[in-house]
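Below is one structure, written out as structure tokens, with a few remarks after it.
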Amino acid sequence: MNRNPLLTKIVNVLFHPLLSPLYVMAIFYFCVIIIRYLIPPDKMLLIASFVLITAVIIPLICKLLFKKMKIYKQFIEQKIHIDSFLSIFMATIYFAIYKSFTNIGVSEILSKFFILNSLMLLCLSLASLFTKVDFHSIAIGEMLGLYIRLLHIGSTYNYWVFLILLLVAGIVGWARIKTNEDFAFKYHLGIIIGGLFFFFLYV
């Protein structure tokens with residue numbers, strides 16, 4: 001039984017998968033030195049605002065509206081896999097962000113995250129047809145795998161961020177398990193899948 005409902009809810013909201021693009025952009029801007037030379041602060045602010053609107057606010061509004069529609073109840077009653085549908089929707093948004101970044105000349109170092117996330121979500125949409133996927137663990141794993149890759153290729157040397165990400169992974173795992181959202185094995189599996197995916201494909 002969860003004895004800290006408020007704390008676990010706060011953790012789940014703060015590290016919701018929808019917010020991961022913003023955290024990744026912050027990591028890139030403050031930890032990858034070359035990004036500061038390629039993208040001026042004012043342009044980075046515009047890019048971050050664009051990502052906030054397209055990858056966070058719009059999907060959140062669409063999800064809330066979708067839950068108010070009758071079709072949502074029909075999906076639940078007929079046991080249609082909504083997570084699979086939402087994954088495809090988010091994959092489309094991330095692909096659109098990638099194309100927009102490519103068109104305006106945003107560094108591939110940053111835009112690569114969105115195309116890889118789009119590919120990951122397409123894979124997860126298929127997995128969601130057969131099992132319950134924990135997107136929190138996948139998102140945390142992606143950030144860990146990406147940062148380990150950045151350390152590996154010498155794009156950053158800040159190991160404190162890596163330790164912070166490990167701490168976040170532990171805190172989120174605690175919150176997920178406390179709220180009975182996931183078993184420990186599934187959470188760790190999600191971390192490993194997200195981490196390996198980004199570590200090997202972010203080249």
For residues 42-53, run the donor-acceptor check on the side chains, cut-off 3.5 Å, and write out each pair with its distance to 0.1 Å, sequence neighbours left out.
| residue | atom | partner | partner atom | Å |
| --- | --- | --- | --- | --- |
| S49 | OG | L45 | O | 2.8 |

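Rounding to the nearest 0.5 Å gives a distance of 11.0 Å between CD1 of I138 and OG of S20. Note: I27 CD1 to M143 CE = 6.0 Å, rounded to the nearest 0.5 Å. Distance CG/L110 to CD1/I34: 12.0 Å, rounded to 0.5 Å. Between atom OG of residue S128 and atom CZ of residue F85 there is a gap of 13.0 Å, rounded to the nearest 0.5 Å. Considering OG of S87 and CG of L126, their distance stands at 9.5 Å, rounded to 0.5 Å. Going from atom CG of N158 over to atom CG of L151 covers 8.0 Å, rounded to the nearest 0.5 Å.
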Please assess V133 against D83 for the test side chain to side chain contact (heavy atoms under 4.5 Å, CB included), listing each intermediate value before the final yes or no.
CA-CA 8 Å; V133 175; D83 285 346; 5.9 Å; no

Checking I109 against Y202 for the side chain to side chain contact (heavy atoms under 4.5 Å, CB included) test, could you report, in this order, the C-alpha distance in whole Å, the side-chain angles of both residues, the deciding distance, and whether it holds?
CA-CA 9 Å; I109 299 173; Y202 188 86; 3.2 Å; yes

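Around the NZ atom of K63, the shell of radius 6.0 Å holds no more than 12 heavy atoms that belong to other residues, nucleotides or ligands. Within 6.0 Å of CD1 on I57 lie more than 12 heavy atoms contributed by other residues, nucleotides or ligands. Within a 6.0 Å radius of CD1 in I33, other residues, nucleotides and ligands contribute 12 heavy atoms or fewer.
Here the side chains of F30 and R36 are in contact, with some heavy-atom distance below 4.5 Å. Side-chain contact check for F197 versus L119: some heavy-atom pair is nearer than 4.5 Å. Side-chain contact between Y29 and P41: present, with at least one pair of heavy atoms (C-beta onward) separated by less than 4.5 Å. The shortest side-chain heavy-atom distance between L146 and V24 falls under the 4.5 Å cut-off. Side-chain atoms of F199 and L144, non-hydrogen and from C-beta on, never get closer than 4.5 Å to each other.
Neither V13 nor M90 shares a network with the other; the hydrophobic side chains, linked directly or stepwise wherever heavy atoms of I, L, V, M, F, W or Y lie under 4.5 Å apart, form separate groups for each. With hydrophobic clusters built from ILVMFWY side chains whose heavy atoms lie under 4.5 angstrom apart, M120 does not share a cluster with L129. A continuous path of Ile, Leu, Val, Met, Phe, Trp and Tyr side chains, each step under 4.5 Å between heavy atoms, connects F28 with Y159, placing both in one hydrophobic cluster. A chain of hydrophobic side-chain contacts below 4.5 Å, direct or via other Ile, Leu, Val, Met, Phe, Trp or Tyr residues, connects Y147 to L167. Following chains of ILVMFWY side-chain contacts shorter than 4.5 Å, one can reach L14 starting from V11, so the two form part of one hydrophobic cluster.
Here the side chain of S84 pairs a donor or acceptor atom with the backbone of S125 at under 3.5 angstrom. At distances below 3.5 Å, at least one donor-acceptor pair connects side-chain atoms of Y187 with backbone N or O atoms of A169. A side-chain donor-acceptor contact under 3.5 Å links K186 to the backbone of K132. Judged by distance alone, the side chain of S118 and the main-chain N or O of I115 form no donor-acceptor pair under 3.5 Å. Panel note: side chain T156, backbone C31; a donor-acceptor pair is recorded below 3.5 Å.
Across all non-hydrogen atoms, the minimal contact from I97 to T54 is CD1-OG1, 3.4 Å. Nearest approach of P59 to L18, heavy atoms of both residues: CB-CD2, 4.0 Å. When every heavy atom of A55 is checked against every heavy atom of I93, the shortest pair comes out as CA-CG2, 4.2 Å.
Put simply, the residue from L121, L116, L122 that forms a side-chain contact (heavy atoms from CB on, under 4.5 Å) with Y94 is L121.
Ring centers of F198 and F113: under 6.0 Å apart, within the cut-off.
Using cut-offs of 30° and 60° on the angle between ring planes, the pair H136 and H16 is perpendicular. Ring planes of F15 and Y23: tilted class, angle from 30 to 60°. Below 30°, between 30° and 60°, or above 60°: for F95 and Y98 the angle between ring planes is between 30° and 60°, a tilted geometry.
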